[in-house]
Amino acid sequence: MENELDERKRKILKAIIQTYLETGEPVGSRTISKYTDLNLSSATIRNEMSDLEDLGYIIQPYTSAGRIPSDLGYRLYVDELMKEKDKEVAEIKDLMIEKTDKMEKVLKQVVKILASNTNYATMITGPTYHRNKLKFIQLSRVTEVQLLAVVVVEGNIVKNHIIELHEPMDEETVLRLNLLLNTQLNGLTIEEINLAMISRMKEQAGIHSEVISSVIDAVAQAIAVDDQEMEIYTSGATNIFKYPELADTSKASELISAFEEKDTLAELVKDTMDHESSNENTGIQVYIGNESPVKTMKDCSVVTATYDLGGGMQGTIGIIGPKRMDYENVMDNLKTLKSQLDNIFKKKT
C-alpha cells in the first residue's frame, strides 16, 4: 500500500507527523506549507492531505480541524526512519572497518621507517576516537517492554544499549522520546549534559522518565574512552644499544621492557593527549629526562606529536632516544609524518 505514495505525499506525511509530534495539535495545510521544501500552495497541500486521509495515513479528529497521523501513518514513518538510520549506521561501520584495515598496514610500515630514519626507538598509536560529542540517538522498540537505544558519537562510534521498560510503550511515545532526546542532546559533550537539562527532559517524558536516565547512561558509556581499544605499534627498540649512556645492561633492559609494555606507553600517550587538549595548536611535545611521565625513561628524551584525522580521530607518534638526540631531525620527521598521515586518511576516505 505504501507504494501508492509518491515523493510529494511522503514529504507531506513526514511533515505532518513531525509537526504533530512537536505540538500535539492537529496539523493544517497552512502550517505544512511553511515547513516543507515543496513550495506548494495551501490548496495543493489540502488536496494531497485529502488523498492521504483516503489512503488511511492521516485522520481528521473532528470537523474543521487539521489532521493527525493514523497508526498506519506512524508505521510508515517509523519503518522509513529505521531504514534511514540503519543505512546510516551500516555505512558508518563499513567506513570505519575499511579505515581500520588500511590504517593498521600503514602504521606498521610507518613506525619501521621512522625508526630507520632516526636510529631511535619509535612508537605510533592507531587513532582513538576522542568522541566528546553526541551525534544522534535512535530509539526503537524490540518488544512492548524493551527498547534498543543506538547511540552514535563523534568519531562515528556506534554503541547499542537495551533498555528494559516497566510498562508497555507504543510507537508514538517512542517517536516523541526520539524527538525529545535528539532535540535536547545532539551536538553536546557529556559535560554539557547537566542535571538541570536531565530533570527537564524527565519532566517532559513523564511516566517514561526512567528511559531518559537509561539513555544518558548509554551516552556516557559510548563517550567513555576504553584503554583496551588503543593499538600501539613499536619499532627500533634495539637502537637504544647504539648509545653508550643507555646501553648499560640494567638501564637498557628496563627501558626496552618499559617501551614494549602497552600500559607504560599508554601512560605516555595519555599525557601527550592531555597536553594536546589544553593547547589550541596541534604541536610537538618534548620531554627531557625527568619531565617524562614514564619514570623508566628519565635518562632519555621523548618527543611526541599528535596526528589528527578529523571526526574526533587522533593518534600519537613518539620517538625515544638519548638526551643528545638530533632534535631537528626528529621534529622534521614528525612534521612530515603528520602531514603524510593526514593526506593518506583524511583526504582520501
After noting the C-alpha distance and the side-chain angles of L114 and S235, does the key distance pass the side chain to side chain contact (heavy atoms under 4.5 Å, CB included) rule?
-> CA-CA 8 Å; L114 193 57; S235 186; over 6 Å; no
Show your reasoning for whether side chain to side chain contact (heavy atoms under 4.5 Å, CB included) applies to E167 and I207.
-> CA-CA 9 Å; E167 55 188 84; I207 60 170; 3.3 Å; yes
Verify side chain to side chain contact (heavy atoms under 4.5 Å, CB included) between L180 and I212, making sure each step is shown before the conclusion.
-> CA-CA 10 Å; L180 171 64; I212 303 297; 4.1 Å; yes
S213 and K202: side chain to side chain contact (heavy atoms under 4.5 Å, CB included), yes or no, with the steps?
-> CA-CA 8 Å; S213 298; K202 282 185 172 182; 2.8 Å; yes
Stepwise side-chain hydrogen bond (donor to acceptor under 3.5 Å, both in side chains) check, D170 with T173 | CA-CA 6 Å; D170 58 26; T173 305; 2.6 Å; yes
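No side-chain donor-acceptor contact under 3.5 Å links S50 to the backbone of R46. One N or O on the side chain of S199 and one on the backbone of L195 form a donor-acceptor pair closer than 3.5 Å. Looking at T122, its side chain does come within 3.5 Å of a backbone N or O of V111 through a donor-acceptor pair. A donor-acceptor distance shorter than 3.5 angstrom exists from the side chain of R176 to the backbone of L21, with no hydrogens or angles considered. T19 contributes a side-chain N or O that, together with a main-chain N or O of A15, makes up a donor-acceptor pair within less than 3.5 Å. Checked by atom type and distance alone, the side chain of S209 never pairs as donor or acceptor with a backbone atom of A205 at under 3.5 Å. Side-chain atoms of S33 come within 3.5 Å of backbone N or O of R30 as a donor-acceptor pair. Put simply, the side chain of T125 never gets that close to the backbone of I232: no donor and acceptor are under 3.5 Å apart. Without hydrogens or angle criteria, T31 side chain to V27 main chain gives no donor-acceptor distance under 3.5 Å.
Residue pairs meeting the salt bridge (Lys or Arg N to Asp or Glu O under 4.0 Å) criterion with at least one partner in residues 208-218, sequence neighbours excluded, are absent. Within the structure, the ring-ring contact (aromatic ring centres under 6.0 Å, His included) test picks out the following pairs touching residues 237-271 (sequence neighbours left out): Y120-Y243. Contacts classified as side chain to side chain donor-acceptor pair (under 3.5 Å) and involving residues 292-302 (residues at least two apart or in different chains) are given here: S301-Y327.
One finds no salt bridge joining R75 and D71 here, because no Lys/Arg side-chain nitrogen approaches an Asp/Glu carboxylate oxygen to under 4.0 Å. In this structure, E245 pairs ionically with R324, as a charged nitrogen and a carboxylate oxygen lie closer than 4.0 Å.
Enclosure of atom CD in E144 is not indicated, since only 12 or fewer non-hydrogen atoms of other residues, nucleotides or ligands lie within 6.0 angstrom. Within 6.0 Å of atom NZ in K323, more than 12 heavy atoms from other residues, nucleotides or ligands are found, so the atom counts as buried in its surroundings.
Taking 4.5 Å as the limit, some side-chain heavy atom of Y77 sits within range of a side-chain heavy atom of Q18. Side chains of Q146 and I163 form no contact here, defined as non-hydrogen atoms less than 4.5 Å apart. Taking 4.5 Å as the limit, some side-chain heavy atom of V174 sits within range of a side-chain heavy atom of M169. The shortest distance between side-chain heavy atoms of T316 and L268 does not fall below 4.5 Å. You'll find the side chain of M49 reaches within 4.5 Å of the side chain of I58, heavy atoms only. Using a 4.5 Å cut-off on side-chain heavy atoms (C-beta onward), Y233 and V110 make no contact. A 4.5 Å side-chain heavy-atom check between I113 and N117 finds at least one atom pair inside the cut-off. In this structure the side chain of T304 never reaches within 4.5 angstrom of the side chain of I284, judged on heavy atoms.
Here H208 contributes atom NE2 and L147 contributes atom CG; the two are 9.0 Å apart, rounded to the nearest 0.5 Å. To the nearest 0.5 angstrom, I137 atom CD1 is 12.0 Å from L179 atom CG. To the nearest 0.5 Å, atom CD1 of residue I32 and atom NZ of residue K11 are 13.5 Å apart. The line from CG of L185 to CD1 of I193 is 5.0 Å long, rounded to the nearest 0.5 Å. Rounded to the nearest 0.5 Å, atoms CE (M197) and CE (M201) are 6.5 Å apart. To the nearest 0.5 Å, atom CG of residue L107 and atom CD1 of residue I124 are 4.5 Å apart.
The two atoms that bring L139 and N178 nearest to each other are N-OD1, 2.8 Å, heavy atoms only. Here the shortest heavy-atom pairing between G73 and I17 reads O-CD1, 3.5 Å. Nearest approach of I68 to P26, heavy atoms of both residues: CG2-CA, 3.7 Å. Among all heavy-atom pairs drawn from E291 and V286, the shortest one is OE1-O, 3.6 Å. Across all their heavy atoms, L52 and K9 have their closest contact at CD1-O, 4.0 Å. For I240 against I256, the heavy-atom pair with the smallest separation is CD1-CG1, 4.1 Å.
With sequence neighbours left out, R8 forms a salt bridge (charged side-chain N to carboxylate O under 4.0 Å, His left out) with E48. Annotation: salt bridge (charged side-chain N to carboxylate O under 4.0 Å, His left out) contacts of E164 (sequence neighbours excluded): none. When the side-chain hydrogen bond (donor to acceptor under 3.5 Å, both in side chains) test is applied to N47, no partner is found at least two apart in sequence or on another chain.
With hydrogens and angles left out, the side-chain atoms of Y74 and E171 include no donor and acceptor closer than 3.5 Å. With no hydrogens or angles considered, no side-chain donor-acceptor pair links N186 and K135 at under 3.5 Å.
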